[in-house]
2 protein chains.
Amino acid sequence: MPTKKPTQRPNQQPARESPQQPTRKKPQVTAAPARRRELLDTAAEVFAEQGYNATTVRKIADHAGMLAGSLYYHFDSKESMLEEILRSFLDELWGGYDTVLEAESGPRETLEALVTESFREIDRHRAAVAIYQKESKQLVAQERFAFLAESQRKFEKAWLSTLERGVAAQVFRADLDVRLTYRFVRDTVWVAASWYRPGGQHSPEEIARQYLSMVLDGIAVREQP
Amino acid sequence: MPTKKPTQRPNQQPARESPQQPTRKKPQVTAAPARRRELLDTAAEVFAEQGYNATTVRKIADHAGMLAGSLYYHFDSKESMLEEILRSFLDELWGGYDTVLEAESGPRETLEALVTESFREIDRHRAAVAIYQKESKQLVAQERFAFLAESQRKFEKAWLSTLERGVAAQVFRADLDVRLTYRFVRDTVWVAASWYRPGGQHSPEEIARQYLSMVLDGIAVREQP
DNA sequence: TAACCTACCAAACACTTGTTAGGGAAGGAC
DNA sequence: GTCCTTCCCTAACAAGTGTTTGGTAGGTTA
């Protein structure tokens, strides 16, 4: 009664380059990643829109055109979907961040690059970012999501050290509480994921430019000589 | 911490013959507000900490030292608790905002007053603000929570007009997208509820002061002799 | 004294939740 | 053809969900 017509989709390649062990019924981790990613993407959309707890596996299955039980052919559990979504997002995020940090530019250039990179990630992983924002606080308590805490520590260290370098180099103001500034910049950037829509009138780089202009120079008109 | 699980499978059919009886007294709306507020406060804490959907009425009852069913002596439903929490918060918020707006000060003073008032509300209604931040987006769709949408419109109007007045008066920069600036300021302020803890080392006014300093003047050092 | 009200408990109810077994259609491999 | 793998469906399960009903201890009033 509550089920819809399952949509048949033209199948793709049966990529099979690695002969499986005789272990039965566990294709989840090694199966063809195409359909897997597809399902994870739709799951991420629903998670982001309705919240993780309010999202039932039946809703995800609906959006994917299949039934709830069928999801368990691809994934171990609802929670493992969430974990994989967040993991792959953080992996890519840190790929970009590490590149920026290893460049060892000046503090202002580093901050600009971090902000720009962040908006690019929001552009590419809008759903994952929204989920991260909403749920990470409750998830870090679980052992399974301990990698979130580690990421947060790295994150804080990267931003704080950049800000402190800037204060030392006298390019950032010294009269501000650095931790407050950190939270200010961090939140300012990431909250954008809640309203940002890819394909809008502003590119990620353009948004980053304006945000940086506000954060660095403020919104007040400067007194001119 | 007594936890029982009396769930049973087999069906039962107890005698049930309760015809039209005089409707039971429903003191929910008119009862002594003391206990009511007490329960709403603990409910708000749990909602804020665990998220509305992840919070069961049994958890709320646990925190209040009673059983789940007993909550229904005071409230109609779980949802009505949420509604009352958000309603009373918004009522007080607009009490403060309207006072600021009716003063009709200059744009910069108005913005400063709005930000300061916002941090005061975060200080007084931390839980409600956190709930509002997390859940309002999904709630506005429901007719019951239409008052959230109305509040958002008023909110946006108040901030946007203040910013536009400031641009016209040449106290705020004209080269920025006003809507982007609005979201920037709005998010910057309210996200603070996610990490702010009352009784910390910074008073709401002090936090407002530093935030305003960053938003208005930026975090970069100004070039000055 | 009895009647009444307040604020709770105890126990269930109907429904939803994530999850699991078993099965089967489609298609390539042999 | 037969075998095997992939991918999904049908149909249930047990635990958990918000909520309702009836009852009751203790205080207040008549």
Side-chain angles (χ1 to χ4, degrees), chain A residues 1-28 30-36 38-39 43 47 50-62 64-82, chain B residues 2-28 30-36 38-39 43 47 50 52-62 64-82:
Chain A
M1 152 186 47
T3 47
K4 299 169 53 180
K5 266 280 190 251
T7 57
Q8 288 286 24
R9 57 186 70 256
N11 247 349
Q12 62 282 354
Q13 32 74 290
R16 176 161 48 91
E17 52 198 306
S18 62
Q20 282 296 43
Q21 307 103 306
T23 49
R24 298 200 153 257
K25 193 136 198 214
K26 281 286 178 182
Q28 286 130 336
T30 53
R35 182 79 175 123
R36 214 180 152 70
E38 208 175 322
L39 292 173
F47 284 156
Q50 327 222 5
Y52 173 72
N53 284 290
T55 300
T56 73
V57 294
R58 278 166 245 266
K59 279 186 202 162
I60 302 175
D62 256 23
M66 54 198 278
L67 291 184
S70 308
L71 284 172
Y72 288 81
Y73 171 75
H74 299 276
F75 305 100
D76 287 333
S77 65
K78 180 190 173 188
E79 216 179 46
S80 77
M81 294 189 224
L82 178 62
Chain B
T3 32
K4 305 174 65 178
K5 23 180 68 179
T7 36
Q8 288 195 345
R9 271 295 80 212
N11 217 355
Q12 320 193 17
Q13 198 81 336
R16 186 141 80 106
E17 27 70 61
S18 70
Q20 297 291 72
Q21 283 212 329
T23 52
R24 262 210 175 190
K25 186 108 184 275
K26 292 236 164 180
Q28 287 131 338
T30 55
R35 184 76 175 126
R36 211 180 153 69
E38 208 176 323
L39 293 172
F47 284 156
Q50 325 219 7
Y52 173 72
N53 285 289
T55 300
T56 72
V57 294
R58 278 164 244 268
K59 278 186 201 161
I60 302 175
D62 256 23
M66 53 199 280
L67 292 185
S70 309
L71 285 172
Y72 288 80
Y73 172 75
H74 299 276
F75 305 99
D76 286 333
S77 65
K78 181 188 172 189
E79 217 179 44
S80 76
M81 296 190 222
L82 178 62

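One can place CG of Asn53(B) at 11 Å from P of dG18(C), the figure rounded to the nearest angstrom. Look at CG on Asp76(B): it is 13 Å from C1' on dT20(D), rounded to the nearest Å. The distance between atom CG of Leu67(A) and atom P of dG23(C), rounded to the nearest whole Å, is 18 Å. One can place CG of Leu82(A) at 12 Å from P of dT19(C), the figure rounded to the nearest angstrom. In this structure, Ile60(B) places its CD1 atom 15 Å from C1' of dG16(D), rounding to the nearest Å. Atom CE of Met81(B) and atom P of dT19(D) are 8 Å apart (whole Å). Look at CG on Leu71(A): it is 14 Å from P on dT17(C), rounded to the nearest Å.
You'll find that the side chain of Met66(A) is closest to dC9(D), out of dG18(C), dG18(D), dC9(D). Considering only the side chain of Ser70(A), dC9(D) comes nearest among dC8(C), dT6(D), dC9(D). Candidate nucleotides dC7(D), dA12(C), dA10(C) were compared by shortest atom distance to the side chain of Arg58(B), and dA12(C) ranks first. The side chain of Val57(B) lies closest to dG18(D), out of dA7(C), dT19(C), dG18(D). Nearest to the side chain of Lys78(B), among dC7(D), dT19(C), dT19(D), sits dT19(D). For Thr56(B), counting side-chain heavy atoms from C-beta on, the closest listed nucleotide (dC8(C), dT17(D), dT19(C)) is dT17(D).
Heavy atoms of Thr55(B) sit under 4.0 angstrom from primed sugar atoms or phosphate atoms, though from no base atom.
At least one side-chain nitrogen or oxygen of Tyr73(A) sits closer than 4.0 Å to the OP1 or OP2 atom of dC7(D). For the pair Tyr72(B) and dT20(D), the criterion of a side-chain N or O lying under 4.0 Å from OP1 or OP2 is not met. Between Arg35(A) and dT6(D) there is no side-chain polar atom (N or O) within less than 4.0 angstrom of OP1 or OP2. Taking only side-chain nitrogens and oxygens, His74(A) comes nearer than 4.0 Å to OP1 or OP2 of dC8(D).
Once rounded to the nearest 0.5 Å, the distance linking CZ of Arg35(A) with OH of Tyr73(A) reads 11.5 Å. Here Leu71(B) contributes atom CG and Ser80(B) contributes atom OG; the two are 10.0 Å apart, rounded to the nearest 0.5 Å. Distance check: Met66(B) CE to Leu39(B) CG gives 5.5 Å after rounding to the nearest 0.5 Å. A distance of 4.0 Å separates CD in Gln50(B) from NZ in Lys59(B), rounded to the nearest 0.5 Å.
In this structure the side chain of Asn53(A) never reaches within 4.5 angstrom of the side chain of Tyr52(B), judged on heavy atoms.
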